[in-house]
Amino acid sequence: MAAALKNDLLLRALTRQPVPRTPVWIMRQAGRYLPEYRELRAKAGEFMSLCSNPELACEVTLQPLRRYSLDAAILFSDILTIPDAMGLGLYFEAGEGPKFERPVRTAARIHKLAVPDVAEKLAYVFDAVTLVRRELNGALPLIGFAGSPWTVATYMVEGGSSRDFSRIKGMARQEPALLDELLDVVARSTIDYLNAQIDAGAQAIMIFDTWGSALSPEQYRRFSLQRMQQVLDELQREKDGQTIPVILFTKGAGELLTVMAETGCDALGVDWTTDLGQARRLTGDKVALQGNLDPAVLRGSPEAVEQGVAEVLASYGDGPGHVFNLGHGITPDVDPDNVGVLVEAVHRLSPAYHSDISG
């Protein structure tokens with residue numbers, strides 16, 4: 001049996017247990033808006049030099065926790081480590097984002113893809129998880145993560161970021177069985193990857209489906225949701241007697257939250273385009289909800305940040321099952337002081353929504 005966490009608010013909220021206040025963490029909380037991150041990144045050089053060095057990844061993971069009273073750490077890594085382990089040649093261009101030297105666009109390339117030996121190829125990720133857990137020393141839970149199979153596959157086929165996803169959407173229309181084959185390899189790799197993170201010490205898991213909303217609802221069910229379901233069905237959901245909650249996040253999901261809530265996940269991330277009250281009605285309180293302040297609010301005044309926090313808390317309303325977060329990742333141009341305003345406001349304003357709970 002693992003030792004009890006000093007702060008387990010996140011895990012309790014994700015499993016819809018009562019909490020005295022709403023827990024808060026921030027997507028991309030370890031990142032470019034922090035000067036200490038930029039300094040370390042400059043020393044490390046390449047972005048992947050940070051991700052693939054367990055000591056540096058651990059340090060970046062811990063940086064925001066030294067500034068803010070957050071309720072969770074999230075591992076510093078990247079959603080494209082799996083295709084990199086498959087040999088696609090991941091690299092990052094300044095101002096361009098991630099790219100692959102060897103994208104997979106033909107049947108021949110896809111037939112050759114295999115599930116990598118994650119224990120060997122991605123050992124640096126699991127070593128970082130172990131280091132972070134050691135440094136946290138039971139203070140807070142650590143969130144592990146992966147990209148959804150669909151989202152990861154978009155980068156593999158397009159060769160990098162895309163505005164219209166023309167290649168992979170063309171594959172979905174013209175060669176759906178081939179896309180299914182690709183997604184199955186990515187899904188099986190993701191299962192191994194996330195279970196290894198859990199074995200190394202991750203205490204909650206988040207699956208980022210950044211580009212699921214690029215699909216039609218019918219295609220979403222087949223190419224995105226079905227593969228997230230495949231991953232969910234094979235994940236360890238308990239370790240050392242503790243539940244491992246799983247959060248699914250499809251950016252721009254809207255009414256798709258209804259079908260996402262049927263997967264058996266513990267929580268759904270909600271972006272700012274859906275009111276949390278509406279999300280609660282759509283999901284019937286079957287799952288916890290995470291979100292959903294518009295990251296742009298953090299570029300405003302401290303008063304605007306506090307007002308944004310108040311509106312999000314009110315939109316969810318009373319009772320358990322809410323984790324405060326942004327509706328997507330924090331942007332690099334944010335003043336770090338505004339993040340402090342956000343965290344303090346959640347701590348101060350949220351207990352009123354849990355007024356029947358003490359301690």
Side-chain angles (χ1 to χ4, degrees), residues 14 25-28 74 78-80 82 143-158 161-165 168-169 172 179-180 182-184 186-187 190-191 193-194 204-233 235 245-295 312 315-316 321-330:
L14 289 175
W25 70 278
I26 296 170
M27 287 188 276
R28 294 199 199 122
I74 182 165
D78 193 82
I79 65 168
L80 299 180
I82 288 174
I143 303 167
F145 72 92
S148 73
W150 161 258
T151 289
V152 171
T154 66
Y155 290 92
M156 294 171 69
V157 173
E158 301 292 338
S161 301
S162 176
R163 291 187 177 181
D164 56 14
F165 306 100
I168 195 166
K169 289 176 80 170
L179 179 53
D180 282 334
L182 169 59
L183 291 169
D184 181 63
V186 179
T190 304
I191 292 163
Y193 182 54
L194 288 175
I205 292 296
M206 184 157 174
I207 299 174
F208 287 89
D209 185 36
T210 312
W211 302 124
S213 61
L215 294 163
S216 70
E218 181 183 351
Q219 287 181 322
Y220 174 79
R221 287 175 173 83
R222 173 171 178 176
F223 297 120
S224 181
L225 189 64
Q226 179 178 310
R227 295 306 174 174
M228 288 194 285
Q229 183 74 70
Q230 180 181 350
V231 173
L232 269 168
D233 289 346
L235 280 190
V246 180
I247 311 160
L248 299 187
F249 175 54
T250 295
K251 184 172 180 281
E255 293 191 357
L256 293 169
L257 292 167
T258 305
V259 292
M260 294 177 73
E262 302 293 335
T263 59
C265 68
D266 298 282
L268 295 177
V270 183
D271 76 5
W272 65 93
T273 62
T274 300
D275 177 82
L276 284 179
Q278 181 189 3
R280 223 173 157 176
R281 291 187 290 275
L282 287 170
T283 58
D285 281 341
K286 294 175 183 174
V287 291
L289 297 176
Q290 178 176 280
N292 66 341
L293 184 68
D294 185 343
V312 168
S315 71
Y316 184 84
H322 181 210
V323 173
F324 196 98
N325 208 314
L326 301 181
H328 198 231
I330 191 169

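Side chains included, hydrogens not; waters and symmetry mates left out as well; all remaining heavy atoms used.
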Enumerate, atom names and distances included, each donor-acceptor pair closer than 3.5 Å involving a side-chain atom of residues 144-156, sequence neighbours excluded.
from, atom 1, to, atom 2, distance (Å)
Ser148, OG, Thr151, N, 3.1
Ser148, OG, Thr151, OG1, 3.1
Ser148, OG, Asp209, OD1, 2.6
Trp150, NE1, Trp211, O, 2.9
Thr151, OG1, Asp209, OD1, 3.1
Thr151, OG1, Thr210, N, 3.0
Thr151, OG1, Trp211, N, 3.1
Thr154, OG1, Thr151, O, 2.6
Tyr155, OH, Trp211, NE1, 3.1

* To do: May I have the step-by-step check of salt bridge (charged side-chain N to carboxylate O under 4.0 Å, His left out) for Asp275 and Arg280, ending in yes or no?
  => CA-CA 9 Å; Asp275 177 82; Arg280 223 173 157 176; over 6 Å; no

* **Whether Gln229 side chain and Thr263 backbone form a donor-acceptor pair below 3.5 Å** => yes

* Asked: For the atom pair CD1 (Ile205) and CD1 (Ile143), what is the distance rounded to the nearest 0.5 Å?
  -> 9.0 Å

* Asked: Hey, does Gln278 have a side-chain heavy atom less than 4.5 Å from the side chain of Leu282?
  -> yes

* Asked: What is the ring orientation for Phe249 with Phe208, classed by angle as parallel under 30°, tilted 30 to 60°, or perpendicular over 60°?
  -> perpendicular

* Atom CG of Asn292 and atom CG of Leu326: how far apart are they, to the nearest 0.5 Å? -> 9.5 Å

* To do: Might you point out which heavy atoms bring Gly291 and Val312 nearest each other, and give the distance in Å?
  => O-CG1, 3.6 Å

* Heavy-atom pair with the smallest gap, counting every atom of Pro245 and Asp266 -> CA-OD2, 3.2 Å

* Asked: Looking at CE of Met27 and CD1 of Ile247, how far apart are the two atoms once the value is rounded to the nearest 0.5 Å?
  -> 9.0 Å

* Structure fact -> Note: Met260 and Ala253 closest approach over all heavy atoms is SD-CB, 3.9 Å

* Asked: Any idea which heavy atoms bring Ser315 and Leu276 closest together, and the distance?
  -> OG-CB, 3.4 Å

* Have a look at Leu289 and tell me which of Leu257, Leu14, Val270 forms a side chain to side chain contact (heavy atoms under 4.5 Å, CB included) with it. => Val270

* **Side chains of Leu293 and Trp272 in contact at under 4.5 Å (non-hydrogen atoms)** => no

* Is there a side-chain contact between Asp271 and His328 (heavy atoms, below 4.5 Å)? -> no

* Do we see a donor-acceptor contact under 3.5 Å between the side chains of Arg222 and Gln219? -> no

* Compare every heavy atom of Leu225 with every heavy atom of Val259, then report the nearest pair and how far apart it is. => CG2-CD2, 3.8 Å

* Do the non-hydrogen side-chain atoms of Thr190 and Ile207 ever get within less than 4.5 Å of each other? -> no

* Asked: Do Leu248 and Leu232 come within less than 4.5 Å of each other through their side chains, counting heavy atoms only?
  -> yes

* Asked: Stepwise, does the side chain to side chain contact (heavy atoms under 4.5 Å, CB included) test hold for Arg28 with Ile74?
  -> CA-CA 8 Å; Arg28 294 199 199 122; Ile74 182 165; over 6 Å; no

* Minimum heavy-atom distance between Ser224 and Gly212, given as atom pair plus value -> OG-CA, 4.3 Å

* Asked: Quick one: NZ on Lys169 to CD on Glu158, what's the gap to the nearest 0.5 Å?
  -> 10.0 Å

* Would you please test Gln230 and Asp184 for side-chain hydrogen bond (donor to acceptor under 3.5 Å, both in side chains) and show each step? => CA-CA 9 Å; Gln230 180 181 350; Asp184 181 63; 3.0 Å; yes

* **Pairwise salt bridge (Lys or Arg N to Asp or Glu O under 4.0 Å) hits with a residue in residues 252-263, at least two apart** => Glu262-Lys286

* **Expected output: side-chain Arg221 to main-chain Pro217 donor-acceptor under 3.5 Å** => yes

* Min side-chain heavy-atom separation Thr250-Met228 under 4.5 Å -> yes

